[in-house]
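To start, the structure itself, in structure tokens.
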Amino acid sequence: MKKNILKKIRAIVGDAHLTTAREDLMCYSYDSTGMEYMPTAVAFPGSAVEISSIMELANKELFPVIPRGAGTGMTGGSLPIQGGLVLVMSRLNRILEVDVENQVAVVEPGVITGQFQAAVKKEALFYPPDPASRDFCTMGGNVAECSGGPSAVKYGVTRDYVLGLEVVLPDGRLMHTGVRTAKGVVGYDLTRLFIGSEGTLGIITKIVVRLLALPTHKKTYLVLTDSLRQAAMLVSEILKRGILPNTLEYMDQTALHVVREYLSLELPQSTRALLLVEVDGDENSTEEQGKKFLGMLADRRTYPGILEVRQAHNEKEVDDLWKARRSISPATYKLRPHKISEDVVVPKTKIPQLVDFTEKLSRELGIIILTFGHAGDGNIHVNIMVDKDNQEEYQKGQTAKRLLFEHVMSLSGTLSGEHGIGITKAPYLSLELDETSLALMQSIKSVFDPNNILNPGKIFSTKSH
Ligand code: 2HG
Ligand code: ZN
């Protein structure tokens, strides 16, 4: 990037908000994939108007711009793979409005999701999307990736809560999409087009979300089983009985092992999997759902693989369980220095087939593959643990990834439920999308960004990273 361009960016954001110092650039060169790409410069814009001026300049001078939230992404969406200017949204971190009566809020993209949830909770309101990283990740990043989380089984994902957006287009134009009403069908649904577009179509500068009334009660349970298959089979059984938990998560034996220190409970020797189940609502409905759930599991002859069913009795027990669940992802690095992290989804009834397959893959290839995650919506995290410096192991990991994707397709599943495509899944896109859809998606990208300057090389690249 030429010196005079940097000078112009500096003039837009102010001297204190642009850096080219190597030690600063390094902080914005990686995300949760563990991959690193150095940006040429990093800017911290303070308003949509500044972002608009930067994009106008980028479109004229043709340099890449990569929007970035907190860098917790799992597929490389915020990595500057071609260098260029990283735009960090941390200064746009205000909750602009919480309209309690209409159950709507307006936030800037840099607001931390967990902090937003805590803020609306004070008004007895509820914003359900809860990525495991909610204490660090941002609302803008969640919209860009259409993040989900444990509560998606009952409450849905980010897409289900965003009513409208303010967006800066790659050429610098500022636009508004959607509504702030409960319904709206005027024109094409551009809001949904931006949600999950991984920062390739525009830069989100404001988000209008709908909120729910805060559930007043909850009950948290865990079910221990002597086989992974039994835990997997229980998932669709529970939902079939009309129980709709706000959490239906599972951990396999290896996932349990890496977070063992957070769990202040004794596990029977033969434990092979754990289901974390939570029901919520008002007092009556929570009570009723809890009873139904325990009633269903009471007859052990129907489910011989169940070792124990426990209820968390106090806040500490509930917190411990959640701490364990939210810590699995980072704790896996105890096993190997790198991971290939996938978030495939299969129809719920096919989870047993999927976990049988990953267990077999792990045995046959001789590498660690653990599974855990959002079983209630069939969204399984398959973590293939490798050491990238060990070529043979790394190649085995890549083989496992391809075989996994092919298997998921054969089960009528999808490659990604919440982490997006980014660069890590880009070479596999054609396993799922037909040529016509792929071509149409690429034309949409060129309509929005004819010069391919906004987050280039994401979603559609065929190069392996
Ligand atoms: C989770 O649910 C995250 O914990 C991360 O989506 C999953 O590390 C992973 O693969
Ligand atoms: Zn997840």
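Each ligand, and each atom within it, is numbered from 1 in the order the structure gives.
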Check your understanding: Is there a donor-acceptor pair under 3.5 Å between the side chain of D387 and the backbone N or O of P337?
Key -> no

Point to revise | Any donor-acceptor pair under 3.5 Å from T225 side chain to S227 backbone | key: yes

Review point. So, R210 side chain and D160 main chain: donor-acceptor pair closer than 3.5 Å or not?
Key: yes

Check your understanding: Do you know which of V106, V209, V107, V120 makes side chain to side chain contact (heavy atoms under 4.5 Å, CB included) with V98?
Key -> V120

Check your understanding: Does K458 reach the main-chain N or O of G77 with its side chain, forming a donor-acceptor pair under 3.5 Å?
Key -> yes

Review point. Any donor-acceptor pair under 3.5 Å linking the side chain of S362 with the backbone of T358?
Key: no

Practice item. Please determine if the Zn ion (ligand 2) has an N/O/S atom from D343 lying under 2.8 Å away. Key: no

Check your understanding: Would you say E342 and ligand 1 have an N/O pair spaced under 3.5 Å apart?
Key -> no

**Study point:** Atom indices of ligand 1, in the order listed, that fall short of 4.0 Å to a heavy atom of F372
**Key:** 4 (O), 7 (C), 9 (C)

Practice item. Confirm or rule out an N/O/S atom of H374, from backbone or side chain, lying less than 2.8 Å from the Zn ion (ligand 2). Key: yes

Review point. How far is atom 2 (O) of ligand 1 from its nearest protein heavy atom, and which residue and atom name does that atom have?
Key: R325 NH2, 2.8 Å

Exercise for review: May I ask you to identify, for K339, whether its side chain, its backbone, both or neither come under 4.0 Å of ligand 1 on a heavy-atom basis?
Suggested key: side chain

**Study point:** Enumerated ligand 1 atoms positioned under 4.0 Å from heavy atoms of H374
**Key:** 2 (O)

Review point. Would you say the side chain of L370 lies within less than 4.5 Å of the side chain of Q253, judging by non-hydrogen atoms?
Key: no

Point to revise | Heavy atom of N383, distance to ligand 1 below 4.0 Å | key: yes

Point to revise | ligand 1 contacted by H419 (non-hydrogen, < 4.0 Å) | key: yes

Practice item. Looking at E418, pick out the N, O or S atom nearest to the Zn ion (ligand 2) and give its name. Key: OE2

Check your understanding: About how many Å separate CZ of R326 and CG of D130, when rounded to the nearest 0.5 Å?
Key -> 5.0 Å

**Study point:** Which of the ligand 1 atoms, numbered from 1, are nearer than 4.0 Å to a heavy atom of M74
**Key:** 8 (O), 9 (C), 10 (O)

Review point. Of all the non-hydrogen atoms in the protein, which one sits nearest to atom 5 (C) of ligand 1, and at what distance?
Key: S329 OG, 3.6 Å

